[in-house]
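Every chain is numbered from 1, with letters handed out A, B, ... down the list of sequences.
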There are 2 protein chains.
Amino acid sequence: MQQELKSEITKQLIIDKAFNLFYQNGFKTTSIDKIMKETTLSKGAFYHHYKSKKELGLEVISLKVEKRVVNGMIAPLRQSGNAYQIIKDVFTNRLKEFSINEKQQGCPMNNLINEIGNNEIAYQNALKNIIELWKTALVQIIERGKQEHTIKEEVSSQAVATYLISAFEGIRGIRKLYTNDTVLDEYISGLTFYLNQIKK
Amino acid sequence: MQQELKSEITKQLIIDKAFNLFYQNGFKTTSIDKIMKETTLSKGAFYHHYKSKKELGLEVISLKVEKRVVNGMIAPLRQSGNAYQIIKDVFTNRLKEFSINEKQQGCPMNNLINEIGNNEIAYQNALKNIIELWKTALVQIIERGKQEHTIKEEVSSQAVATYLISAFEGIRGIRKLYTNDTVLDEYISGLTFYLNQIKK
DNA sequence: AATAAAAAATACTAGTTGGTATGTTTATGT
DNA sequence: ACATAAACATACCAACTAGTATTTTTTATT
């Protein structure tokens, strides 16, 4: 029982360090050696718990990356109150919450989508799953907004959800190229304008 | 004179093959060996023309990647006619033009932004330059639209330009995860709705 | 205390990486 | 035609890569 726990702790340690290194230096350029150096464990320990780098990558996506998106962008949508206002707040507040590092490094999910989203079907599906979770949650609150008469009935919930996610992920990438927040402010201004269109 | 031309031809060959490999397999995982195998020239030839992979990368960005964006998204904006309609057409037509491969592989610029946009300042600036070109061209046509009364005066041209670019690049990444165009259709629907807001 | 199995360490592949050193071939200017 | 330099080829390097084989250490079961 204690052994099982130890195994779980070690795996979590590996996943945590791996996520950080993937985020800071990219997936492909992060080697198992570098990850295990961070954990102060050996390579033998890694291959005892994981059969390949790919298996680790998938766990990082489904545990760490997904959790980040859920905590930052999905869970906050499940609030009571004005649906329109919640959407607006979640999208703008999240951006303003980001640390300097998070602005420079972009979105972990988006980085992975663009770095390895076309290589492996397994990565593709794991990442797609996160996008689908996000989209579903957004569609849900937009529909709620329509019922509660804060959002226009004639808008396509799917279309708005997709457009919101696209623009958010897009700006997270573009911001990496800059050293100040001008481009983020412009995005927020553009977003506000957009949301005004769906407001009832 | 003949020598200079030969050198130029060889460099172009290297750049072309490099761009294709970067696009299909990513920047980091494309080695000089792989590139030179494509050209049927030797590694010695490469290092005669380029001092490093970084130097090649920068040339690929400023020549091939930039040209792609200019041809596909910037030059078409410089048409006479209804500014609002031109913007709408350029954004939607470009998406529909893409081949299956281009949909699967995403946007070469966006891939690079997210793969190496945070590593090297040199890459950052080369990529930022393309974004700035695009933004400037968009701002220009939006301003024109305001003057010609096809676009509302009260919208911020900068904000709209940034939001349009963000969403476009974002969807190019997200599309990589799917095997059909549903998500692209939703994007176009969301875009159309957005543009309707700036229409006068 | 003895046995077995899990957890982790050590040592090792074979292949790849960016880059260099040193050649050979081809063009050019005199 | 000859010296010079550019264009390209060959052979190499040290560092790094994912993964394996083998041994040691720790934990659990009897």
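Under the 3.5 Å distance criterion, the side-chain polar atoms of B/K28 are left unmatched by any main-chain donor or acceptor of A/F27.
For B/E55, there are no side chain to side chain donor-acceptor pair (under 3.5 Å) partners, not counting sequence neighbours. For B/Y178, the side chain to side chain donor-acceptor pair (under 3.5 Å) test picks out A/E132, with sequence neighbours left out.
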What's touching nucleotides 17-20 of chain D from the protein side, N or O pairs under 3.5 Å?
residue	atom	partner	partner atom	Å
D/dT17	OP1	A/K34	NZ	3.3
D/dT17	OP2	A/S31	OG	3.0
D/dA18	OP1	A/K53	NZ	3.3
D/dA18	OP2	A/I32	N	3.0
D/dA18	N7	A/K43	NZ	2.9
D/dG19	OP2	A/Y47	OH	3.2
D/dG19	OP2	A/K53	N	3.0
D/dG19	N7	A/K43	NZ	3.3
D/dG19	O6	A/K43	NZ	3.1

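Cation-pi geometry between A/R68 and A/Y23 is met: under 6.0 angstrom from the ring centre, within 45 degrees of the axis. A cation-pi arrangement, defined by a distance under 6.0 Å to the six-membered ring centre and an angle within 45 degrees of its axis, is present between B/K11 and B/Y50.
Annotation: the terminal axes of the helix from C/dA1-D/dT30 to C/dT30-D/dA1 meet at 10°, where each axis is the rotation carrying the C1' atoms of four end pairs onto the next four (5 pairs per end, rounded to 10°).
Evaluation of the side-chain hydrogen bond (donor to acceptor under 3.5 Å, both in side chains) test over residues 140-150 of chain B, restricted to residues two or more places apart or in two chains, returns B/E143-B/S157, B/R144-B/E148, B/K146-B/S157.
For the segment residues 11-24 of chain B, the set of residues with a heavy atom within less than 4.0 Å of an atom of DNA chain D is empty.
Checked options A/T10, A/V60, A/T39; the residue passing with A/I15 is A/V60 (criterion: side-chain contact (heavy atoms from CB on, under 4.5 Å)).
Using a 4.0 Å cut-off, some side-chain N or O of B/H48 falls inside it from OP1 or OP2 of D/dA7.
The side chain of A/S7 approaches C/dA7 more closely than any other nucleotide in the set D/dT10, C/dA7, C/dA8.
Using modelled atom types, one finds a donor on one side chain and an acceptor on the other under 3.5 Å when comparing A/N114 with A/N110.
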